[in-house]
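I have placed the structure first, in the form of structure tokens, so that the comments after it can refer back to it.
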Amino acid sequence: MNVDHYDFNLPEELIAQTPLADRSSSRLLFVNKESGQLDHGHFTDILGQFRPGDTLVLNDTRVIPARLFGVKEDTGAKAEVLLLKNLEGDRWEALVKPGKKLKTGAVIIFSEELRAVIEEEADMGGRTLRFIYQGIFQEILDRLGSMPLPPYIKETLDDRERYQTVYARHEGSAAAPTAGLHFTNELLEQIAAIGVNIAYITLHVGLGTFRPMSVETVEEHVMHAEYFELSQATADLLNEARARGGRIIAVGTTSCRTLETVGRQCQGGPIEACSGWTDIFIYPGYEFTVVNALITNFHLPKSTLVMLVSALAGRELILAAYEEAIKQRYRFFSFGDAMFIY
């Protein structure tokens, strides 16, 4: 399959630059993957789609203030670092700018109390850094770091918490699981009152979110591994839903990828608590083993995320849904509107 088959023209003015004042006031496009019907509504209208016995799965990862700005020690040139993954101790996988000038052995100074040495180089600006600091690293990062908003967002984010879900708990992501940004605590309480079980998984969003596909065919692409955890409590809720015929509804592609990873590991048997790394790549032709429905935002053209939703609903239907969303002036990407594929 050619990557260009997942391309579409998106007017730049439809890329949402700031979050809405009310998280749950975004628009929602309903996509019936069986009939192909498309319906318009607002996010709170999703309450009418839930059934008692459904299980809603949320990713409770928390974004760290992973973007750091400093200077190269020997020249004073500006340097930018985006932390992606803690490898061990004070060593981190990161992206750096400018990549051509930040080579192995270079030292970046962020403040009097924090500096980093580049230990290894990888492709496309990837680096392994070792941090040297005085005090507690996380406290320093909270002071010096900024939220790692995607490059298509040009506006400044005044409130860091607007790039976190209301249920974010476990720090470790370099980007938010943005489909979850639409939920408020009140809306989650209303969903639970219907008789829907709410379950949590953790997947720390990493490098794959920031790297575009650089191949011509879908099958050539290799996903970057990300760490996940699924608890026994969540496994029990998922098994209960499957036994009773309830739907498993993933919130976001990160929850979807985690559930499908676990489903494959269990080989059709009961879901078990587990943790580890996943590089699962879901694209058309994939057969879902766990997820029945998906709440997701609108994604970038030619991205692995467009391919994932196409695997669930079909490429032609997804591209038609995106065309309708553009026609109706939906807001796109991280701070944008959402779709419910059911």
Side-chain angles (χ1 to χ4, degrees), residues 6 23-59 165 177-184 187-188 190-201 234 237-260 262-263 271 282-299 305-326 328 330-332 336-342:
Y6 297 88
R23 287 177 182 264
S24 62
S25 63
S26 56
R27 297 169 73 187
L28 184 63
L29 179 62
F30 295 92
V31 181
N32 187 317
K33 64 184 191 307
E34 304 300 332
S35 68
Q37 183 173 337
L38 305 176
D39 294 298
H40 302 282
H42 289 88
F43 198 78
T44 51
D45 295 330
I46 203 166
L47 287 168
Q49 295 291 327
F50 289 117
R51 310 167 190 158
D54 286 343
T55 295
L56 185 70
V57 183
L58 307 167
N59 182 5
T165 62
T178 53
L181 296 179
H182 303 281
F183 289 89
T184 63
L187 183 57
L188 288 171
Q190 292 173 322
I191 292 170
I194 294 171
V196 175
N197 289 320
I198 297 178
Y200 296 93
I201 56 91
T234 291
L237 288 174
L238 296 172
N239 289 325
E240 178 184 337
R242 294 170 105 185
R244 296 186 177 181
R247 295 177 302 172
I248 294 174
I249 303 169
V251 176
T253 56
T254 60
S255 295
C256 179
R257 292 178 63 242
T258 302
L259 292 170
E260 290 300 313
V262 175
I271 294 174
I282 298 174
Y283 56 86
Y286 178 87
E287 294 187 9
F288 287 82
T289 62
V290 178
V291 173
N292 305 116
L294 176 67
I295 299 167
T296 184
N297 280 18
F298 294 92
H299 306 293
L305 305 181
V306 167
M307 294 169 195
L308 184 152
V309 296
S310 295
L312 185 62
R315 184 181 72 92
E316 291 184 1
L317 178 55
I318 288 299
L319 291 181
Y322 272 55
E323 182 179 352
E324 176 67 11
I326 292 169
Q328 298 297 329
Y330 276 65
R331 301 165 76 245
F332 273 65
D337 297 315
M339 63 194 308
F340 178 43
I341 304 171
Y342 64 100

Measure the shortest side-chain to side-chain distance between [X] and [Y] over non-hydrogen atoms and say whether it is less than 4.5 angstrom.
X    : Y    : answer
L56  : N197 : no
I282 : M307 : no
L308 : C256 : yes
F332 : I326 : yes
V309 : V31  : no
L28  : H42  : no
L259 : I248 : yes
I249 : N292 : no

Quick one: [atom1] on [X] to [atom2] on [Y], what's the gap to the nearest 0.5 Å?
X    : Y    : atom1 : atom2 : result
Y342 : F50  : OH    : CZ    : 12.5 Å
I201 : R257 : CD1   : CZ    : 10.5 Å
S310 : L317 : OG    : CG    : 9.0 Å
Q49  : I295 : CD    : CD1   : 10.0 Å
D337 : R331 : CG    : CZ    : 6.0 Å
L312 : I318 : CG    : CD1   : 7.5 Å

What are the two closest heavy atoms between [X] and [Y], and how far apart are they?
X    : Y    : answer
G263 : V290 : CA-CG2, 3.6 Å
Y6   : P284 : OH-CG, 3.1 Å
V291 : A293 : CG1-O, 3.3 Å
G41  : Y330 : N-OH, 4.3 Å
V57  : S255 : O-OG, 3.5 Å
M339 : A321 : CE-CB, 4.0 Å

Give me the ring orientation class for Y286 and F288: parallel if the planes are under 30° apart, tilted from 30 to 60°, perpendicular past 60°. perpendicular
Can you classify the ring geometry of F183 versus F43 as parallel (below 30°), tilted (30 to 60°) or perpendicular (above 60°)? perpendicular
Please determine, by modelled atom types, if [X] and [Y] share a side-chain donor-acceptor pair under 3.5 angstrom.
X    : Y    : result
H299 : Y322 : no
T254 : N59  : yes
N297 : H182 : yes

I'd like to know if the side chain of [X] and the backbone of [Y] have a donor-acceptor N/O pair within less than 3.5 Å.
X    : Y    : answer
T234 : Y200 : yes
N32  : Q37  : no
Q190 : L47  : no

Applying side-chain contact (heavy atoms from CB on, under 4.5 Å) to L58 and L188, what does each step give before you reach the verdict? CA-CA 11 Å; L58 307 167; L188 288 171; 4.0 Å; yes
Would I198 and L237 count as a side-chain contact (heavy atoms from CB on, under 4.5 Å) here? Give the steps. CA-CA 8 Å; I198 297 178; L237 288 174; over 6 Å; no
Run T55 and L238 through side-chain contact (heavy atoms from CB on, under 4.5 Å) and show every step you take. CA-CA 7 Å; T55 295; L238 296 172; 4.2 Å; yes
Sole candidate of E324, Q328, R27 that passes side chain to side chain donor-acceptor pair (under 3.5 Å) when paired with H40: E324
Derivation and outcome, side-chain contact (heavy atoms from CB on, under 4.5 Å), residues L38 and L29: CA-CA 7 Å; L38 305 176; L29 179 62; 4.3 Å; yes
